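This structure is a prediction, so every number in the text was calculated from the model and none was measured.
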Amino acid sequence: MAAQPPPPNKWISWLSQIYSSGKGPVLGTVDVQEIEDKAREVMQDNSTAYQYTLKSAGTCSTDDANRKAFDRWKLVPRMLNNVTLRNIETTILGMKVSSPIFVGPVGKQSLVHADGELATARAAAAVGVPMILSSSSSRSLEDVAEANGPNGQRWYQFYWPRSSDVALSILKRAKENGYTALVITVDTMIIGWRSHDHRIGYSPSGHGLGVQQGMADPVFMKRHGLVARHERPRFPFDQDDIRKKAAAGDEETKQSMFLASQWLAETGSGIFRTWDDLQFVKDNWDGPILLKGIQAVNDAEKAIDAGIDGIVVSNHGGRQIDGAIASLDALDMIMRSQKVLDAQKSGKLTVLFDSGIRTGSDIIKALAIGAQGVLIARPIVYGLAIAGQAGVEQILMQSICDLHITMGLCGFSDVNDLIGKRDELLVNADYGVGTRTLVKSSM
């Protein structure tokens, strides 16, 4: 009997349309490096904002390490498997998703496009990908929820406010607006040493962009004798112009900068929370809780002991600590813990991955090492800068399509079968053929 072609699916259909339309992709290319370069070109008149998105802590060595780690791990494809029908749907924390891809929490998206997070939220809903909204977004969580729509899947990333009443207000607003899980970022109690920003004194948040969650919070604003407001910051962002207006005595600008400073004192206070503090959030959030920024095995195991539902293995895209371990290497270490493996297998712990994802092969490598899903961040910003919502949609579609094709070429028909298959599917190029031992190859 002759082999039958696979039925069409929307991922492959998207790729077919690129060829049949004769117009090419919205971004002009599907090459990730070319997309990054094009975003830089589009933002050449606002290069400071672009550099803010691109740059990482210190010498950017951690960001570099993230990419080099993916280069070290090599795929070993399996042949002549029946992978005609391929499935990339999965379930994460009880939520059925169309693929293991999430839009990662990226703040201040209005730096690169007038629609900011609203465009990203619409794109995520259109493609069917869950979105994690940043606490430092340039749109209120209410406005983003509306853009994401009733069928959108969304989580909220939580920068922990100093004041309990403000924290409770944020949690209440997130739950009321359909954010079903809470992602507590634990690696950003203070902002890392970012040389580029320090060199020129660049602080969008200090000048009113990226503090919109605070401006829309009734408890925080009442403290200052004001009512909550849902701001849409002016694009392009011009820090020098804002400073000039404030210096000239413009009352609206002065108030905006004052409120921004007060909100930053809430969410970037320098208070380093502890494991015991997590009980406060557990007592006041009805839904799954994940910790984002876990890099050490011991911390992953502590998360299990604390009754946390999931972790996001992440180094914040290298934006917090210079000279830190690559996120993929951290994932590899964490997924060698028997305690973590047992918790994952029993459903007590969900493991997601962030920092460095660019291609379908990257996604497969992270899943094979043990992640159940991945977050995509910087490429989303590049797509947004170039073409708004349509650009973000392309980034998501091409990532899923790449995953779908490459998974089949590696010999797998179901994305769920990839998870934890490190020893079957990967070789670490720094070592010998086996990945179970870390003995240098003599070859």
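- For R234, the CZ atom is loosely surrounded, since the number of other residues' heavy atoms within 6.0 Å does not exceed 12.
- Judged by distance alone, with hydrogens and angles left aside, the side-chain atoms of D309 form no donor-acceptor pair with the main-chain N or O of L290 at under 3.5 Å.
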Check against side chain to side chain contact (heavy atoms under 4.5 Å, CB included), L171 and F158:
CA-CA 9 Å; L171 295 177; F158 188 58; 3.9 Å; yes
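- Between D354 and G317 the shortest heavy-atom distance is OD2-N, 4.4 Å.
- Side-chain atoms of D143 do not come within 3.5 Å of backbone N or O of R139 as any donor-acceptor pair.
- For NZ of K339, the number of neighbouring non-hydrogen atoms (other residues, nucleotides, ligands) closer than 6.0 Å is greater than 12.
- A search for side-chain contact (heavy atoms from CB on, under 4.5 Å) contacts involving T274 returns D276, D277, not counting sequence neighbours.
- The shortest non-hydrogen separation linking M333 to V297 is O-CG2, 3.5 Å.
- Residues R67 and D63 are not paired through a salt bridge, judged by the lack of any N-O separation under 4.0 Å between the basic side chain and the carboxylate.
- Between the side chain of T185 and the backbone N or O of K292 there is no donor-acceptor pair closer than 3.5 Å.
- Contact between M43 and A49 at its shortest, heavy atoms only, is CE-CB, 3.8 Å.
- With T406 contributing its side chain and S361 its backbone, the two residues share no donor-acceptor pair below 3.5 Å.
- The backbone N or O of E266 sits nowhere less than 3.5 Å from a side-chain atom of W263 that would complete a donor-acceptor pair.
- E117 pairs in a side-chain hydrogen bond (donor to acceptor under 3.5 Å, both in side chains) with only one of the listed residues (S134, S137, S138), which is S138.
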Could you go through the side-chain hydrogen bond (donor to acceptor under 3.5 Å, both in side chains) check for S355 and N315 one step at a time?
CA-CA 6 Å; S355 300; N315 58 28; 3.2 Å; yes
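- Counting non-hydrogen atoms of other residues, nucleotides and ligands closer than 6.0 Å to CG of N298 gives a total above 12.
- Partners of F412 according to the ring-ring contact (aromatic ring centres under 6.0 Å, His included) rule, which considers only residues two or more places apart in sequence or in another chain, do not exist here.
- Here the two rings, on F102 and W155, have centers that are under 6.0 Å apart.
- Side chain of D414 to backbone of N416: a donor-acceptor contact under 3.5 angstrom is found.
- With rounding to the nearest 0.5 angstrom, the CG atom of L396 is 10.0 Å from the CH2 atom of W14.
- Remark: of the listed residues I386, V381, I380, I380 is the sole one forming a side-chain contact (heavy atoms from CB on, under 4.5 Å) with V392.
- Taken from CG in L367 to CG in D417, the straight-line distance is 11.5 Å, to the nearest 0.5 Å.
- Rounding to the nearest 0.5 Å places CD1 of I170 at 15.0 Å from NZ of K175.
- The neighbour count for F272 CZ, taken as heavy atoms of other residues, nucleotides or ligands under 6.0 Å away, is above 12.
- Under a 3.5 Å cut-off, the side chain of R154 and the backbone N or O of N177 do form a donor-acceptor pair.
- The two residues I294 and A300 have their closest heavy-atom pair at CG2-N, 3.8 Å.
- Screening residues 68-85 for salt bridge (Lys or Arg N to Asp or Glu O under 4.0 Å), with sequence neighbours left out, gives R72-D329, R72-D430.
- Using cut-offs of 30° and 60° on the angle between ring planes, the pair Y156 and Y179 is perpendicular.
- Between I357 atom CD1 and F70 atom CZ the span is 3.5 Å, to the nearest 0.5 Å.
- No hydrogens or angles considered: nothing links the side chains of N66 and S327 as a donor-acceptor pair under 3.5 Å.
- Looking at D322, its side chain does come within 3.5 Å of a backbone N or O of S61 through a donor-acceptor pair.
- D187 CG to L291 CG: the interatomic distance, rounded to the nearest 0.5 Å, is 10.5 Å.
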Steps toward side chain to side chain contact (heavy atoms under 4.5 Å, CB included) verdict (E41, D37)
CA-CA 6 Å; E41 180 182 345; D37 294 341; over 6 Å; no
Can T180 and Q153 be said to form a side chain to side chain contact (heavy atoms under 4.5 Å, CB included), step by step?
CA-CA 8 Å; T180 58; Q153 297 170 305; over 6 Å; no
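- When all heavy atoms of D402 and G360 are compared, the pair lying nearest together is OD2-N, 2.8 Å.
- Residues L133 and Q213 form a side-chain contact, since some pair of their non-hydrogen atoms from C-beta on lies under 4.5 Å apart.
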Under the side chain to side chain contact (heavy atoms under 4.5 Å, CB included) criterion, do V351 and I334 qualify, and how do the steps go?
CA-CA 10 Å; V351 180; I334 289 169; 5.5 Å; no
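- Residue A119 comes nearest to L384 through the heavy atom pair CB-CD1, 3.7 Å, listed as atom of the first residue, atom of the second, then distance.
- Ion pairing of E34 with K38 is absent here, as no side-chain N (NZ or NE/NH1/NH2) approaches a carboxylate O to less than 4.0 Å.
- The backbone N or O of A385 lies less than 3.5 Å from no partner atom in the side chain of Y50, so there is not a single donor-acceptor pair.
- Identified under the salt bridge (Lys or Arg N to Asp or Glu O under 4.0 Å) test for residues 12-28, with sequence neighbours left out: none.
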Assess the residue pair Q279 and D283 against the criterion (side-chain hydrogen bond (donor to acceptor under 3.5 Å, both in side chains)); give the C-alpha distance rounded to whole Å, side-chain angles, the decisive distance to 0.1 Å, and a yes or no.
CA-CA 6 Å; Q279 190 61 47; D283 290 343; 2.8 Å; yes
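- Judged as a side-chain hydrogen bond (donor to acceptor under 3.5 Å, both in side chains), not a single pair has a partner in residues 95-105 (not counting sequence neighbours).
- Under the side-chain contact (heavy atoms from CB on, under 4.5 Å) criterion, A216 pairs with S140, E142, R173, H230, sequence neighbours left out.
- Between the side chain of T90 and the main chain of P100, no donor-acceptor pair closer than 3.5 Å is present.
- Here W73 contributes atom CH2 and K365 contributes atom NZ; the two are 10.5 Å apart, rounded to the nearest 0.5 Å.
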